[in-house]
*Asks:* 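Mind having a look at this structure? Questions to follow.
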2 protein chains.
Amino acid sequence: MPESEQDGLDSFDLAILDILQRDNTTAHRIIGERIGLSAAAVHRRVRRMHENGVITGNFAVVDPGRVGQPITIVVEVEIESERLDLLDAARRSFAADRSVQQCYYVTGEADFVLIVTVASMADYEALTRRLFFENHNVRRFRTLVVMDRIKAGLAVQLPERPPRRIR
Amino acid sequence: MPESEQDGLDSFDLAILDILQRDNTTAHRIIGERIGLSAAAVHRRVRRMHENGVITGNFAVVDPGRVGQPITIVVEVEIESERLDLLDAARRSFAADRSVQQCYYVTGEADFVLIVTVASMADYEALTRRLFFENHNVRRFRTLVVMDRIKAGLAVQLPERPPRRIR
DNA sequence: GTTGAAAATTAACATTC
DNA sequence: GAATGTTAATTTTCAAC
């Protein structure tokens, strides 16, 4: 395969991302006015970034407390064996669980970090049973109950200058 | 003030949220077809949920690796004093930092959990300097480098049945 | 980048529960 | 009275030039 598929984001692309990360309902015409481009040019760039995988999705974010999930918990999980098949099994069971909003595989004193939302502590206990106690590969886990979601977005910091100019 | 402002989400609202959490570019007409409502009715409900704060935002999600931020790190921070003013100062400095994507105030063995994205480990060291070493209220911090973002969305689990039927 | 057609959003109105 | 569906006007999206 050719080595063409690269980032190649210029400062216009980054300016567009900066806006869409805050509000992706902003009309292309408005974006164009702000960054000095026509609406059509903005449209083409947005579509290309979506196809290229730079933009991975467009989501509405819901306040968990308003839909019956008032409790957020950070869980650190330590596993027994790092055997690939066992690791993968854990990975999959965590990712598949509907209460698990985020799941990271990490190095350091823990192996996984999960961010879960639940309706009640009883529900959390049920989660620990099905995800941790019933999985013999889980050595231990630490529960950190979230008292305040100080910052909970997914907006990525964008470079002032394009990260790398291709060609 | 009246005690009227309540959730009052019905199953239509939840069905709409379920769709918008996956893709908020879905046209109201399409949503209407799927759940059995007109486009106008969908539009009104979406607008109301936005105003009510049920929908907290509409975002495009960007792949951090594609915009020069290939490293994700989970950081647990322990602080010295829980004095309110000092706590608030820490809170604010974490939230204000552009590299900090998420910040939670938690109970348990840590006080804050941060999720940060950076361009390099040198940048992470710079971050630890400005956020932790220069803040004398930080007792210690643990670094968990993310090797795999297994699940990184913010979609909240929605109840099958409405959480509470008002009136 | 501009133009023009198709589609979506949005407001206004009549109607039903 | 609150919420729905229909209609119509406005705006946006999107393809062609």
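Each chain gets a letter, A, B and so on, in the order its sequence line appears, and its residues count up from 1.
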*Asks:* Picking from B:V118, B:V145, B:I71, what satisfies side-chain contact (heavy atoms from CB on, under 4.5 Å) with B:Y124?
*Replies:*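 Checked B:V118, B:V145, B:I71 against B:Y124; only one passes side-chain contact (heavy atoms from CB on, under 4.5 Å): B:V118.
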*Asks:* If you find the nucleotide of DNA chain D closest to B:S38 and the one closest to A:T26, which residue's nucleotide is nearer the 5' end?
*Replies:*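 The residue closer to the strand's 5' end, by nearest nucleotide, is B:S38.
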*Asks:* Distance check: side-chain N/O of A:H43 vs OP1/OP2 of D:dC14, anything under 4.0 Å?
*Replies:*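 Result: yes.
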*Asks:* Roughly, in whole Å, what's the span from CG in A:N24 to P in D:dT12?
*Replies:*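 Distance check: A:N24 CG to D:dT12 P gives 15 Å.
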*Asks:* Out of the candidates B:V46, B:L37, B:I19, B:D18, only one should pair with B:I31 under the side-chain contact (heavy atoms from CB on, under 4.5 Å) rule; please name it.
*Replies:*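 Considering B:V46, B:L37, B:I19, B:D18, a side-chain contact (heavy atoms from CB on, under 4.5 Å) with B:I31 is found only for B:I19.
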*Asks:* Would you kindly compare A:R47 and A:R29 by the position of their nearest DNA chain D nucleotide and give the one closer to the 5′ end?
*Replies:*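 First, find each residue's nearest nucleotide; the 5'-ward one identifies A:R29.
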*Asks:* Please report, rounded to the nearest Å, how far the C1' atom of D:dT12 is from the CD1 atom of A:I30.
*Replies:*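 Spelled out: CD1 on A:I30 to C1' on D:dT12 is 10 Å.
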*Asks:* Counting only side-chain heavy atoms from C-beta out, which of D:dT13, C:dG1, D:dT4 sits nearest to B:L37?
*Replies:*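 Side chain of B:L37 sits closest to D:dT4.
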*Asks:* A:N52 side chain to A:V54 main-chain N or O, any donor-acceptor pair under 3.5 Å?
*Replies:*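 A pair under 3.5 Å: no.
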*Asks:* Backbone N or O of B:V156 within a donor-acceptor pair of the B:Q21 side chain at under 3.5 Å?
*Replies:*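 Judged by distance alone, yes, a pair lies under 3.5 Å.
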*Asks:* How many Å lie between CZ on B:R48 and P on C:dT10, as a whole number?
*Replies:*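 Interatomic distance, CZ of B:R48 to P of C:dT10: 16 Å.
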*Asks:* When the distance from CG of A:N58 to C1' of D:dT12 is rounded to whole Å, what number comes out?
*Replies:*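 In whole Å, D:dT12 C1' and A:N58 CG are 16 Å from each other.
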*Asks:* With a non-hydrogen cut-off below 4.0 angstrom, is A:A41 in contact with a base, only sugar-phosphate, or nothing?
*Replies:*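 Sugar-phosphate, no base atom in range.
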*Asks:* Rounded to the nearest angstrom, tell me the gap between atom CD1 in B:I31 and atom C1' in D:dT4.
*Replies:*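 The answer, rounded to whole Å, is 17 Å.
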*Asks:* May I ask you to verify if any side-chain N or O of B:R44 is less than 4.0 angstrom from the OP1 or OP2 atom of C:dA11?
*Replies:*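 Negative; the distance criterion is not met.
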*Asks:* Establish, yes or no, whether a centroid distance under 6.0 Å links the rings of A:F94 and A:Y104.
*Replies:*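 Ring centroids of A:F94 and A:Y104 are no less than 6.0 Å from each other.
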*Asks:* Pick base, sugar-phosphate or nothing for A:A40, based on heavy-atom distances below 4.0 Å to the nucleic acid.
*Replies:*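 A:A40: base contact, heavy atoms under 4.0 Å.
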*Asks:* Find the distance A:R45:CZ to D:dT13:P and express it as a whole number of Å.
*Replies:*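 So the CZ-P distance, A:R45 to D:dT13, works out to 17 Å.
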*Asks:* Within the pair A:H28 and D:dT13, is there a side-chain N or O less than 4.0 Å away from OP1 or OP2?
*Replies:*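 For A:H28, the contact criterion (side-chain N or O under 4.0 Å from OP1 or OP2 of D:dT13) is met.
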